[in-house]
Amino acid sequence: MKKFMLALTVGLAWSAALEAAEAPDKVTVGYLNLVNAQLVTKNLGLMQKHMPGVEIEYIKVGGGGDMLRAIAADQIDFGGLGNPPTAIGVARGLPIQGTMVLNMLDFVEAMVVRTDAEIKSFKDLAGKKIAAPFGSTTHYLLLQALADEGIDTGSMEILDLRPNDIAVAWSRGDIDAAWFWEPNLDKTVKDGGNIFMTSGIMEKRGYPTWDVGIVMNEFAEQYPDYVEKFVAAECEGIDYWIGNPAETAKIIAVELELSLEDATRMMHGTEMVPCDKQLTAQYIGNSEARGGFVDTLIATSDFLVSQERLPESPSRETFETFLHPEYLEAVVK
């Protein structure tokens, strides 16, 4: 009996040691300063809840281009990318996998123009200075809108600025228009700006934009269970957003230093998709058949190639391989 108990004790200790070895010491999450449920996950400590004993570090990232640079520099384990930077990252062969839908974008992203600049149509942008974070969803939509109108981008000056820098440039009167996102968008509207176009309107024209959660390949290969934990934490944040809008608005207000009124308004400009719905054909799809996000990535990359922003568009198979619905499937089963 004593030998049995000793063997059992040794076995349990060995099992615990293996489990500890399979857990990362630290997880780094890159997040955009955007109105979405990732702020809920961060504020409520849901990542810590799902990964007890693991140090969680959050790094605020300025935009899609900055997130791509953080990925290339191996500075994060998890992050979020819109469809244009996702297409760019996959085309460049960055070692990432798509895990889930973080949000669908509506008027939380928009193009603002100076009220006194007399900009009534896209053609009126000729000779003007327009800012957008390059490589982001808003930069992509700006180029797409100009292309649809047959307007040469060379007829204006398009500046690559981060959201915070756009707000500063606007306050100095250095730019005439900008396409970017809340909460800095609101600062320009309150400082002589007028909303000219929104990402939601562009979606109705056939150009949906969204943010997808990503994980580094190396992390996913070494800690697949922790990718599920990441997805589970973010899904819990999404459920909280949907089920507790008033409390969520308070969290957004704290995280982004906004008034409760502004936080509540901005929340309506971002759609959170329940995680079980993300596995449908409209979004990521499932392990048997990928969904509409693949079509969006193909259309986005084809456009970026036409604009000479990418040398060539990845194949459908490449984009399908990028999306890994198995993590969501494990969480919502």
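Computed from heavy atoms alone, side chains included, the values below leave out hydrogens, waters and symmetry copies. Each residue takes its place number in the sequence, starting with 1. Everything quoted here is computed from the prediction, not taken from an experiment.
- A donor-acceptor pair shorter than 3.5 Å can be found between the side chains of Ser313 and Asp302.
- Applying the salt bridge (charged side-chain N to carboxylate O under 4.0 Å, His left out) test to every pair with at least one member in residues 121-143, sequence neighbours left out, gives these pairs: Lys123-Glu149.
- Look at Asp174 and Arg172 and you find a salt bridge, because one of the NZ, NE, NH1 or NH2 atoms lies within 4.0 Å of a carboxylate O, short of that distance.
- Scanning for salt bridge (Lys or Arg N to Asp or Glu O under 4.0 Å) contacts around Glu236 gives Lys49, with sequence neighbours left out.
- Residues satisfying the salt bridge (Lys or Arg N to Asp or Glu O under 4.0 Å) criterion with Arg205, sequence neighbours excluded, are absent altogether.
- Residue pairs meeting the ring-ring contact (aromatic ring centres under 6.0 Å, His included) criterion with at least one partner in residues 178-207, sequence neighbours excluded, are Phe122-Phe196.
- Side-chain N/O atoms of Asn36 and Asp211 include no donor and acceptor closer than 3.5 Å.
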Exercise answer: donor-acceptor pairs, residues 89-102 side-chain atoms, under 3.5 Å, sequence neighbours excluded:
{"unit_1": "Gln97", "atom_1": "OE1", "unit_2": "Tyr327", "atom_2": "OH", "d": "3.1"}
{"unit_1": "Gln97", "atom_1": "NE2", "unit_2": "Asn217", "atom_2": "OD1", "d": "3.3"}
{"unit_1": "Thr99", "atom_1": "OG1", "unit_2": "Gly213", "atom_2": "O", "d": "3.0"}

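- The shortest side-chain heavy-atom distance between Ser301 and Phe319 falls under the 4.5 Å cut-off.
- Take Asp186 and apply the salt bridge (Lys or Arg N to Asp or Glu O under 4.0 Å) test, not counting sequence neighbours, and it matches Lys190, Arg265.
- Between the side chains of Glu203 and Thr209, not a single donor N or O lies within less than 3.5 Å of an accepting N or O.
- Residues satisfying the side-chain hydrogen bond (donor to acceptor under 3.5 Å, both in side chains) criterion with Ser315, sequence neighbours excluded, are Thr318.
- Sorted by first and then second residue, the ring-ring contact (aromatic ring centres under 6.0 Å, His included) pairs with a member in residues 255-308 read Tyr140-Phe303, Trp210-Phe293; sequence neighbours excluded.
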For residues 66-78, tabulate all N or O donor-acceptor pairs below 3.5 Å that involve a side-chain atom, not counting sequence neighbours.
{"unit_1": "Asp66", "atom_1": "OD1", "unit_2": "Arg69", "atom_2": "NE", "d": "3.4"}
{"unit_1": "Asp66", "atom_1": "OD1", "unit_2": "Arg69", "atom_2": "NH2", "d": "2.6"}
{"unit_1": "Asp66", "atom_1": "OD1", "unit_2": "Arg162", "atom_2": "NH2", "d": "3.1"}
{"unit_1": "Asp66", "atom_1": "OD2", "unit_2": "Arg162", "atom_2": "NE", "d": "2.6"}
{"unit_1": "Asp77", "atom_1": "OD2", "unit_2": "Thr28", "atom_2": "N", "d": "2.8"}

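- Residues passing the side chain to side chain contact (heavy atoms under 4.5 Å, CB included) test with Ala233, sequence neighbours excluded: Thr41, Leu46, Met47, His50.
- Residues satisfying the side-chain hydrogen bond (donor to acceptor under 3.5 Å, both in side chains) criterion with Lys250, sequence neighbours excluded, are Glu247.
- Enclosure of atom CD in Gln307 by more than 12 non-hydrogen atoms of other residues, nucleotides or ligands within 6.0 angstrom is indicated.
- Scored by the salt bridge (Lys or Arg N to Asp or Glu O under 4.0 Å) test, Asp165 finds no partners at all (sequence neighbours excluded).
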